[in-house]
Amino acid sequence: MIAIIAEKPSVGQDIARVVGATEKMDGYITGNGYMVTWALGHLVSLALPGTYGYTRTTAEDLPMIPEPFRLVPRQIRTDRGMVTDIAAGKQLKIIDEVFSKCDSIIVATDAGREGELIFRWIYSYLGYTKPFRRLWISSLTDEAIREGMANLREGSGYDSLYAAADSRAKADWLVGMNASRALATASGSANNSIGRVQTPTLAMICARFKENRNFVSTPYWQLHIALKKDDVHRQFFNPEDFRDKNGAEAAYRRITSDSVVTINKVERKTVFQQAPLLYDLTALQKDCNIHHDLSADKTLSIAQSLYEKKLVSYPRTGSRYIPEDVMAHVPALLEKVITMPWFREYGRTFDLSGLNTRSVDATKVTDHHALIVTGVVPEGLSEAEAVVYEMIAGRMLEAFSPRCEKESLKMECVCEGMDFRSQSAVIVNPGWRAVFSRKEDREKDEPEGNGGTAVFAEGEEIPVMGYGLAQKKTLPRPLYTEATLLTAMENCGKEIADGQAREAVKELGIGTPATRAAIITTLFKRDYIERSGKSIRPTEKGLYLYESVKGMMVADAELTGTWEKALAQIEGHTLDPESFMLSIREYTGKVTGEILRLKFPEPSSRAFTCPKCKTGNVIVKAKVAKCDHEGCGLLVFRRFLNKELTDQHLEQLFSSGSTRLIKGVKGKKGASFDAAVAFDADFNLKLSFPKPKGGKGK
């Protein structure tokens with residue numbers, strides 16, 4: 001018998017059907033010489049500090065350096081602390097039973113770093129040494145599974161991929177656990193955590209917020225004239241932005257209603273805007289946030305669902321290219337795409353015989369090629385799934401469509417000795433731009449704003465129809481949105497001062513396409529950041545942490561980026577994992593020492609009139625809020641279920657009896673929901689749920 005292990009039950013069931021295993025058992029399917037089982041994501045994880053005897057949060061115990069690290073079944077948080085997840089423990093026993101009955105193993109977890117780690121940790125924890133081969137596929141269609149099964153690869157060929165994943169997990173444990181405990185010791189509060197990617201990301205958000213908030217706007221003036229020909233006009237702008245009001249007004253006074261201009265330059269050019277590359281995960285997440293207000297985490301979740309429904313290729317890809325063998329299937333896939341309702345109109349003029357091959361380059365494909373559709377007809381999609389599928393299918397059409405052809409027109413003239421110019425562009429052939437024909441795209445690509453459509457000839461003398469002086473002001477860089485934050489994480493290396501380090505991380509940034517969404521989600525869950533419309537801003541808690549660690553190594557995007565480079569080198573067999581881990585252990589010691597030496601000011605106490613006794617004051621401290629009136633007894637702990645109540649939450653609670661809606665509250669059974677926290681009749685905390693919209697009809 002041959003064991004096959006997938007990452008999820010749904011994938012395992014698909015593979016079982018293809019290989020002819022039909023007898024369903026508890027946790028696996030058997031038949032035709034195969035036993036197909038599955039993980040439930042990460043069934044095995046690195047043990048928590050308590051396993052190594054680190055039961056207290058004290059400076060004497062830091063840094064914690066496990067030698068060796070231990071693997072344990074997945075743990076979950078309960079009222080009794082961290083315990084083994086019952087479902088994980090049960091499935092591990094089933095996998096053990098399956099492996100014990102088979103001569104060899106086929107690894108069918110997701111084809112990437114995390115998928116490799118999921119299997120290897122299970123394999124190691126259960127103590128197996130049986131040979132295994134790798135099923136490495138980029139889509140879950142029956143055809144892809146059959147082809148992959150016919151071309152299984154030796155498991156040892158992925159040892160370096162596993163080494164990179166294992167090193168990343170251990171590095172995150174060492175830095176995250178030690179830095180967070182050091183911060184708790186130094187600050188006297190356990191409400192914070194630090195991570196090698198999340199903290200530099202938080203630092204970028206906070207730095208941009210402070211820059212935006214402290215920005216001092218300065219005025220400037222723009223001078224323009226209007227010229228008329230027949231029944232149409234056009235505005236020309238002076239290229240100088242006047243910073244001095246007197247100089248601007250002096251220039252304005254030089255122009256009169258009798259002024260005449262001479263057109264001294266008319267230049268027409270044909271310019272081409274190349275079609276965009278296919279999506280990788282980060283590019284998809286950015287566009288879904290811009291056009292559909294979907295969070296990065298939500299987009300990844302939907303893309304994974306589409307993958308498991310066999311509709312798209314593997315979503316956690318960092319490549320925007322496909323190899324030539326995949327390109328051979330593209331015309332047939334595009335034929336199906338242009339029959340979809342969204343693209344039928346564009347498909348009437350789409351030429352399949354001369355496809356744009358800009359996205360075809362095997363040398364730029366990493367573990368997985370760019371995101372494409374598989375050709376399986378989508379049925380029964382949710383509204384959100386349909387949106388993301390449309391984005392991926394539409395981007396395929398855009399990528400293989402002709403360039404957008406524009407005609408640019410530049411005109412220059414002289415008025416009263418001053419230069420003025422007009423620049424505009426007209427789309428001659430939209431090419432790929434016609435796939436979605438987005439209004440916001442057209443506005444974004446329009447050259448500097450010019451009113452009017454009049455066209456003049458070189459040498460013409462035209463009387464000035466009108467003129468004006470507009471006062472404007474400099475604006476700060478906007479706050480990050482999820483889309484621009486993903487771009488910043490991807491490109492953070494570009495702002496690094498050191499040339500060698502910048503070169504090392506420019507292609508990597510911080511995090512990976514598969515982890516950036518989770519990092520942003522973690523910052524929200526920690527209450528370090530919050531949304532303000534589409535913008536992201538730090539909370540009071542997030543700013544406090546940033547101010548504490550901003551000058552330290554742990555907040556340095558440069559260092560984090562070089563780690564990503566090192567992990568890629570491990571994957572590529574050019575760096576020994578132990579050398580990397582040695583540097584991480586040294587770094588952990590330095591970071592821990594830095595944080596322990598921090599001096600935190602005593603948190604300022606805030607007082608509110610007690611809503612229970614009406615006479616005392618509620619004093620708000622780091623972990624609790626308590627009424628100072630003897631005999632009242634009002635006591636509110638900051639932590640309620642899985643949430644830390646912020647100062648804003650407490651202010652809402654004491655002033656109105658309830659907080660606003662808090663997202664992502666988890667009950668004792670682990671279910672996640674949105675609810676407010678409110679006082680009951682005895683002034684104990686309870687959950688308050690929003691009333692359902694509408695009512696029952698009679």
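We use all heavy atoms of the structure for the numbers below, so side chains are in, but hydrogens, waters and symmetry mates are not. Note that the structure is a prediction, hence the values are computed from the model and not measured. Residue numbers run from 1 in the order of the sequence given.
Counted by atom type alone, Thr487 and Thr484 present zero donor-acceptor pairs between their side chains at under 3.5 Å. Defined by atom type and a distance below 3.5 Å, a donor-acceptor pair is present between the side-chain atoms of Thr512 and Thr515. Side-chain contact check for Tyr307 and Asp110: no donor-acceptor pair (N or O, by modelled atom type) lies under 3.5 Å.
Salt bridge annotation for Arg196-Glu564: present, with a cationic side-chain nitrogen under 4.0 angstrom from a carboxylate oxygen. Salt-bridge annotation for Asp85 and Arg74: present, with a side-chain N of the basic residue lying under 4.0 Å from a carboxylate O of the acidic one.
Proximity of a side-chain donor or acceptor of Glu482 to a complementary backbone N or O of Ala296 within less than 3.5 Å is detected. Judged purely by atom type and a 3.5 angstrom limit, Asp682 has no side-chain atom pairing as donor or acceptor with the backbone of Asn684. For Ser217 (side chain) and Thr474 (main-chain N/O), a donor-acceptor pair under 3.5 Å exists by modelled atom type. Without hydrogens or angle criteria, Lys686 side chain to Ala681 main chain gives no donor-acceptor distance under 3.5 Å. With hydrogens and angles disregarded, a donor-acceptor distance shorter than 3.5 Å links the side chain of Arg516 to the backbone of Ile510.
Annotation: side chain to side chain donor-acceptor pair (under 3.5 Å) contacts involving residues 39-65, sequence neighbours excluded, comprise His42-Glu114, Thr58-Asp61. Contacts classified as salt bridge (charged side-chain N to carboxylate O under 4.0 Å, His left out) and involving residues 581-590 (residues at least two apart or in different chains) are given here: Glu67-Arg585, Glu578-Arg585.
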Just distance, no hydrogens or angles: give the donor-acceptor pairs under 3.5 Å from side chains in residues 591-598, sequence neighbours left out.
| residue | atom | partner | partner atom | Å |
| --- | --- | --- | --- | --- |
| Thr592 | OG1 | Thr588 | O | 2.7 |
| Glu594 | OE1 | Met553 | N | 3.3 |
| Arg597 | NH1 | Gly593 | O | 3.4 |

